Amino acid sequence: MGRPMIETVFLLAQQAAEAEGGRNWGWLADPRTTVLFVLGSIVLIGGGRRLLMANRARKAVDRLAEPDVTPDEIVAAAEHGRSGLIEFFRLLAEGPTPEIRSAAGRALAIVWAHDDLIPEEEKAVLTRGFDVRWRARRRYPRAMTAPIPIEVTYGLPFLKEGGPGIQPDDLEWSHRVAGAERAALEMPSDWRAGSGRASFTIDPSDFPTNGPHRLILKATGRTGPRLTSNWEAEPPHVPFQIEFDPRLAPEALFTMPDASKGEAIAAAIRLSAPSTPEDDGPRFLDLPGEFVVRDPPVLQIHGPLPSDLAHRITIEFEGIADRASAGQVVVTSEQRAGGQNLGPIEVALGPVIGLPPETFDRPREIRLRVILEPDPDLGWADPDVRSLWPEAITTDWSSVRLIRR
């Protein structure tokens with residue numbers, strides 16, 4: 001309560017006393033008593049509110065130390081600011097479940113958004129909450145010759161777009177990858193806001209020994225322009241180990257074929273028009289030469305599948321001896337676990353490679369079909385493929401229209 005307000009209260013009290021015509025109210029009529037009463041009331045109310053808030057904060061922080069604390073209680077404790085900071089960091093590192101650790105991270109993000117952290121504490125949130133997910137196998141056949149795709153996602157997974165606290169785009173990331181035998185990967189990537197992602201391939205021929213070989217993600221994070229502090233921090237390096245096994249044959253992915261599985265897979269795969277076309281405009285499939293296929297069908301895969309697919313797509317035109325490559329398809333049985341409720345997976349055909357340009361000489365109606373050929377290298381490249389169907393799959397014929405470009 002500032003000096004002008006005190007003077008105003010004193011003046012109002014004095015005027016009220018004079019308006020009474022000089023009647024003797026004793027000490028109650030003294031304006032100073034009114035001022036003291038107002039000031040005392042403010043102190044009592046303000047102090048009581050502070051005590052109440054302090055009591056709530058103490059209870060919320062004490063609750064964080066209990067073994068049965070819930071994620072909602074952890075996030076709610078963030079409204080008390082720095083009071084629960086030590087417990088938030090402890091739960092982020094030592095929480096018994098992923099849900100508890102994620103809630104502690106969200107609580108720290110809320111405190112951070114309120115600008116209640118110093119830069120060193122903000123860096124600690126980044127380094128302790130840093131998470132890396134590698135998508136690759138740890139063991140490959142030595143005989144494998146196809147490039148191996150590897151994906152890495154990293155960042156602070158508890159930051160949610162539109163959620164409380166700082167947002168994923170409030171942090172920017174750059175990374176390097178060591179051990180991939182690629183000079184370009186060892187140079188820092190461009191800064192990117194949001195979750196970090198690295199996608200690259202390795203060539204088995206670049207690794208003459210069987211290993212193990214270590215791929216190491218070296219990331220750097222920094223604050224974005226919307227945050228008040230400005231710093232960079234490098235979280236711990238996260239390695240991923242791969243090796244090449246000379247005793248592991250590429251065909252080890254193949255499952256044992258049987259008639260019932262073959263019938264189920266054949267029934268699940270067909271050529272059809274797209275179930276949800278993007279617009280009403282025409283679609284075209286380019287062919288070598290001067291012709292295209294107008295409104296080509298797509299490959300529809302319905303579930304559930306008894307085995308995984310990692311197949312090369314080949315198309316065959318009726319009456320034409322030559323076949324052409326038309327892409328690839330990788331679908332695991334887990335993707336189709338929900339059956340028809342998930343709707344079909346649709347794979348567009350193309351690009352068409354290997355068909356002689358002079359194959360067609362005029363526009364016409366013609367039928368085509370698709371043959372899916374298993375490719376174990378394609379299966380090894382996807383870590384979710386576990387039981388690859390070992391036989392070719394042929395669809396029914398589908399009528400299409402050839403037109404000139």
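Nothing fancy with the numbering, it's 1 onward along the sequence. From a predicted model like this one, the values you see are computed outputs, not experimental measurements.
- The number of heavy atoms from other shown groups lying within 6.0 Å of CG (Asp322) is above 12.
- Looking at heavy atoms from C-beta onward, Phe317 lies out of side-chain contact with Arg367 at the 4.5 angstrom threshold.
- Inter-residue side-chain proximity for Trp173 and Leu126 is flagged as met; some heavy-atom pair is nearer than 4.5 Å.
- Within a 6.0 Å sphere centred on CZ of Arg401, other residues, nucleotides and ligands contribute more than 12 heavy atoms.
- We find that Arg133 and Asp131 are joined by a salt bridge, their nearest charged nitrogen and carboxylate oxygen being less than 4.0 Å apart.
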Evaluate side chain to side chain donor-acceptor pair (under 3.5 Å) for Asp115 paired with Thr228, printing each intermediate quantity in order.
CA-CA 8 Å; Asp115 211 18; Thr228 56; 3.0 Å; yes
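- Side chain to side chain, Glu263 and Ser260 fail the donor-acceptor criterion of an N or O pair below 3.5 Å.
- Under 4.0 Å is where a charged nitrogen must lie from a carboxylate oxygen, and between Glu73 and Arg63 at least one such pair does.
- Under the 4.0 Å criterion applied to side-chain N and carboxylate O atoms, Arg323 and Glu316 are assigned as salt-bridge partners.
- When side chains are defined from C-beta on, Ile150 counts as touching Ile202, because their heavy atoms get closer than 4.5 Å.
- With hydrogens and angles disregarded, no donor-acceptor distance shorter than 3.5 Å links the side chain of Arg176 to the backbone of Ala184.
- Residue-environment remark: CG (Asp169) exceeds the threshold of 12 foreign heavy atoms within 6.0 Å.
- Phe244 and Tyr140 have tilted rings, their planes meeting at an angle from 30° to 60° on a 0 to 90° scale.
- The shortest distance between side-chain heavy atoms of Leu378 and Gln328 falls below 4.5 Å.
- Cation-pi geometry between Arg128 and Phe89 is met: under 6.0 angstrom from the ring centre, within 45 degrees of the axis.
- Asp384 places a side-chain heavy atom less than 4.5 Å from the side chain of Arg135.
- Note on Lys123 versus Glu120: no salt bridge recorded, every NZ/NE/NH1/NH2 to OD/OE distance being 4.0 Å or above.
- By the 6.0 Å contact criterion, CG on Asn230 is open, its count of non-hydrogen atoms from other residues, nucleotides or ligands being 12 or less.
- Salt-bridge formation is detected for the pair Arg404/Glu290: a Lys NZ or Arg NE/NH1/NH2 atom is positioned less than 4.0 Å from an Asp or Glu carboxylate oxygen.
- For the pair Leu287/Leu402, a side-chain contact is recorded, criterion being any heavy-atom separation below 4.5 Å from C-beta on.
- Side chains of Ser102 and Arg106: a donor-acceptor N/O pair is present below 3.5 angstrom, by distance only.
- Among pairs with a residue in residues 353-365, none fulfils side-chain hydrogen bond (donor to acceptor under 3.5 Å, both in side chains), at least two apart in sequence or across chains.
- With rounding to the nearest 0.5 angstrom, the OG atom of Ser272 is 10.0 Å from the CG atom of Leu299.
- When atom types are taken as modelled, the side chain of Glu373 and the backbone of Ile313 share no donor-acceptor pair closer than 3.5 angstrom.
- Few gaps surround CD1 on Ile118; more than 12 heavy atoms of other groups in view lie less than 6.0 Å from it.
- The side-chain heavy atoms of Leu85 and Arg82, taken from C-beta on, include a pair separated by under 4.5 Å.
- Defined by atom type and a distance below 3.5 Å, a donor-acceptor pair is missing between the side-chain atoms of Gln300 and Arg270.
- Among all heavy-atom pairs drawn from Arg137 and Gly379, the shortest one is NH2-O, 3.1 Å.
- The two atoms that bring Ala392 and Ile371 nearest to each other are CB-CG2, 4.3 Å, heavy atoms only.
- Proximity of Ser399 to Trp397: side-chain heavy atoms (C-beta onward) are nowhere separated by under 4.5 Å.
- Between the side chain of Arg182 and the backbone N or O of Gly179, no donor-acceptor pair lies under 3.5 Å.
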Under 3.5 Å, sequence neighbours excluded: what are the donor-acceptor pairs made by side chains of residues 217-226?
residue	atom	partner	partner atom	Å
Arg222	NE	Glu172	OE1	2.7
Arg222	NH2	Glu172	OE1	2.9
Thr223	OG1	Ser229	O	2.9
Thr223	OG1	Trp231	N	3.3
Arg226	NE	Asp170	OD1	2.7
Arg226	NH2	Asp170	OD1	2.9

